[in-house]
Amino acid sequence: MPAMPTRHTLVIVGGGAAGLTVAASLKRARPELDIALIEPAQFHYYQPAWTLVGGGSYRIDATRRPMASLIPKGVRHVAAAVAGFDPVAKQVLLADGQRIGYQALVVAAGLQLDWHKIEGLADTLGTNGVSSNYRYDLAPYTWQCIEGLRGGTALFTQPAMPIKCAGAPQKALYLAADQFRRAGVTVQSHFYTPGAAMFGVPFYAQALDKVVAHYDIAAHFGHQLVAVDGPGRTATFEVGPDKQRVTQGFDFLHVVPPQSAPEFIRQSPLADASGWMAVDKHTLQSTLHPDIFGLGDCTTTPNSKTAAAVRAQVPVVVANVLRQLLGSGNEARYDGYASCPLTTSRGKIMLAEFCYDGVVTPSFPLDPRVPRRSYWALKKHYLPQLYWQMLRGKLGLDWHAPRTFPAAVPAITP
Ligand code: FAD
């Protein structure tokens, strides 16, 4: 007879920003709660600083900590990968065939990077001037290439949405353009996106148009990267609805890969037709199984996939999981908050904060379209500390609020 599966009151899938913070927050609220966290990775990464690493402003080793050091006390760490879900039996299936039962389940498995969807890319990443800030091992190479460029053409690509940190592709662009100016080298920078604007929220997109103009960047909308020839130093794009192919030579190429829901979620009964885990966008409860909740990058919620969103989602999941387990307490609701600190140069940031439907919700009563030095200090020194505290269940204050500003874009000095 097969062994009886182990069972926990709460099982959390994924020990990233979302999973660790939910586990730690719940342990703070209810130390007696029986929690298992399933996470196969040996290390946890502070991904938001990889942009700064690629801009020569942060040490890569400071973005990584051993997973074991971050698992909250009293939480059982299952160092294994989840392969599927059996919501009827209330069990999670592990890759080694074991099953773990739950009373309530939280899914926080992030998203997958689809490097293979761009022909030739995997073979050349990290060589031939092709890099990406989306990988721990590659972000330092971004800076090596940018710092070493003595002239020519630099390309920066963005894939179709949704991706994690939608602003990250252009953060790399501005930090590079700024460096080329500082170094006095003549490099033509190009930005390629399948989208029709620099940013999904028009309020910020209009201000970013001014940053693009400031650096004489050539912005190409409706362009999707489909192939890279590293040794030949060319990138090929499909353009517009008829997908005509155009090829552009480069001396440096920064690629942000296409992204999708993790395969084991896509194939599971928790996903909708899009492949992402289907949750109510306010309560973060599964729309299919009421004892399951999801947060972070892996769900269908139409917010910008960021650690800032995770920070706002965790209290909602904590309250609603406890409500589900204990049968009491008020329902909590997520407003779609996300934040994107857009590095417009080395030393200044445009702090884009917004909620569902593009409602502008800055934390500070200052026009958020103006790039500021204080926000650079916030991003480089303060947010990393807040992040590591957040993983311990110390969420800090959250005072974002809808505020109105003049329609005219203010003067922008990146
Ligand atoms: P992750 O933190 O990615 O964690 C997912 C976890 O799930 C991982 O530990 C993984 O190992 C685990 N997992 C995967 N598969 C399985 C499985 N089968 N079984 C069990 N566990 C599994 N956010 C901001 O707020 N501000 C920024 O400035 C910012 N900049 C960014 C820049 C870059 C270059 C990148 C890459 C990201 C950036 N982000 C930023 C986004 C932010 O890092 C993510 O949105 C955040 O980490 C999402 O948290 P998560 O827990 O959903 O996913």
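Numbering of ligands and ligand atoms starts at 1, following listing order.
- Residue contact annotation: Gly15 has a non-hydrogen atom under 4.0 Å from ligand 1.
- Of all the listed residues (Gln259, Glu39, Gln47), Gln47 holds the heavy atom that lies closest to atom 33 (C) of ligand 1.
- Taking distance alone, with nitrogen or oxygen atoms compared against 3.5 Å, Ala308 approaches ligand 1 more closely than that limit.
- Using a 4.0 Å cutoff on heavy atoms, Cys298 does not count as a contact of ligand 1.
- Ligand 1 has no N or O atom lying under 3.5 Å from any N or O atom of Pro341, backbone or side chain.
- Of all atoms in ligand 1, listed by their number and element, those nearer than 4.0 Å to a heavy atom of Lys305 are 45 (O).
- Residue Pro371 forms a side-chain contact (heavy atoms from CB on, under 4.5 Å) with just one option from Thr344, Thr343, Leu342, Ile349, and that option is Thr344.
- Inclusion of Asn133 in the set of residues having an N or O under 3.5 Å from an N or O of ligand 1 is not warranted.
- The closest approach between His44 and ligand 1 stays at or above 4.0 Å for every heavy atom of the residue.
- Figure legend: cation-pi geometry between Arg135 and Trp115, with NZ or CZ positioned under 6.0 Å from the six-membered ring centre and within 45° of its axis.
- At least one heavy atom of Lys171 sits closer than 4.0 Å to an atom of ligand 1.
- We find that Lys90 and Asp291 are joined by a salt bridge, their nearest charged nitrogen and carboxylate oxygen being less than 4.0 Å apart.
- The shortest N or O to N or O distance between Ala81 and ligand 1 is not below 3.5 Å.
- Looking at ligand 1, you won't find any N or O of Ala41 less than 3.5 Å from one of its N or O atoms.
- Of the listed residues (Gly110, Cys340, Ala338), the one carrying the non-hydrogen atom nearest atom 53 (O) of ligand 1 is Gly110.
- With a heavy-atom cut-off of 4.0 Å, Thr51 touches ligand 1 through its side chain alone.
- Ligand 1 has an N or O atom lying under 3.5 Å from an N or O atom of Val82, backbone or side chain.
- Which parts of ligand 1 touch Gly296 is read off a 4.0 Å heavy-atom cut-off, strictly below it: atoms 52 (O).
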